[in-house]
Amino acid sequence: MEREIQQGIATTTLSAEVKDELADHNRDRSKSYHQEIAHFIEQSSLFEYVSAMFGASRVLRNSDHVDPDLRKELLDQILLCWVGFCQVITILSRALAGKGRATFEGIGFMLGSTFDNADLETRWQTILKVAPYNIVNWFHEEVFSKKLGPLFVNHLENNALLISDLFTRRVLIIQRPPGWEEVIKRFITSEHKNSYALFDVHSCLRHELRIGVSSEKAAIQIRTLTATAMAKHITGKKKPDQKLVEKVAKKIPFNSKQEPDKDMI
């Protein structure tokens, strides 16, 4: 019946504008757009994947007046891109450890000079260990601004994806938006004493204490949190007491002259 009506319209003396409007009445205008996106996703390379992620990051960073739910969804997708990139490094890690360099779909990776004297197994394990740190170091400046701090905190408290959590906590420690200290402290007290995530937070805090501290207040915050993480690992208590934290903190120097971590991809 619809086909007959449409054919009948085509043979009437109605104007072309009216015919076009009637013909387009039930047309899904987004269909062709969706097809183009699907084609891009199917055909795109890792380089284009990263370029699209950078574009999305800049959009989020400048999205002050966008619906909050859309901003949350966009951050989730950006962090999933970080996870995907980490998976690529994991897949390439054995070849990267063996040859010192590897490429995949337009993006190349090369090991830093500190890997030169390490054996193959040590190089491989180190690449896997430092991959999350490198990814945050490469990408977080593209997306983060202080006003997005609550959005990162919300993601951290409402998601259970381990790698994504590692990224988010590292961003909070490096950027230190308002309230970051309490978020990290809650994590430390709730985490198991031998967890990798606790080790990762401790490593990031120590690294920031060595090279990333810009004020005395930040140094005190980071040293206290570092001591809390160490005390948690030593005792396994849910919440290490203040006396123990202070005792451990005294052994952690301010503004250490130690060299920063150099295991870089």
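Under the 4.5 Å side-chain criterion, counting only non-hydrogen atoms from C-beta, H192 is not in contact with L198. Side-chain contact check for L225 versus W180: some heavy-atom pair is nearer than 4.5 Å. Contact check for F167 versus H155: no side-chain heavy atoms found under the 4.5 Å cut-off. Using a 4.5 Å heavy-atom threshold, the side chains of Y49 and C81 count as touching. Looking at L166 and Y196, their side chains come closer than 4.5 Å, going by heavy atoms from C-beta outward. The shortest distance between side-chain heavy atoms of L209 and L205 does not fall below 4.5 Å. With a 4.5 Å cut-off on side-chain heavy atoms, Q77 and L80 count as touching. Inter-residue side-chain proximity for L111 and R101 is flagged as unmet; no heavy-atom pair is nearer than 4.5 Å.
How far CE of M110 is from OG1 of T103: 10.5 Å, rounded to the nearest 0.5 Å.
The minimum heavy-atom distance linking H202 with A229 is given by the pair CB-CB, 4.2 Å. In terms of heavy-atom proximity, R61 sits nearest to L148 at CA-CD1, 3.8 Å. Across all non-hydrogen atoms, the minimal contact from I173 to C204 is CG2-SG, 3.7 Å.
For E157 and R186, the salt-bridge test passes: some basic side-chain N is under 4.0 Å from an acidic carboxylate O. Salt bridge annotation for R170-D200: present, with a cationic side-chain nitrogen under 4.0 angstrom from a carboxylate oxygen. In summary, K232 and E191 do not engage in a salt bridge, as defined by a charged side-chain N under 4.0 Å from a carboxylate O.
In this structure, H140 places its NE2 atom where more than 12 heavy-atom neighbours from other residues, nucleotides or ligands lie under 6.0 Å away.
If you run side-chain contact (heavy atoms from CB on, under 4.5 Å) between V88 and each of T90, L92, I91, only L92 comes through. Considering L128, I127, L120 in turn, L120 is the only one that fulfils the side-chain contact (heavy atoms from CB on, under 4.5 Å) rule with R94.
In the model, T226 has no side-chain atom that pairs as donor or acceptor with a side-chain atom of R206 under 3.5 Å. Inspection of the D165 and T168 side chains reveals no N or O donor paired with an N or O acceptor under 3.5 Å.
Between Y133 and H207, the ring centre distance stays below 6.0 Å.
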W82 and V171: side chain to side chain contact (heavy atoms under 4.5 Å, CB included), yes or no, with the steps? CA-CA 12 Å; W82 292 15; V171 171; 4.0 Å; yes

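Relative orientation of the W138 and F85 rings is perpendicular, given thresholds of 30° and 60° on the angle between their planes.
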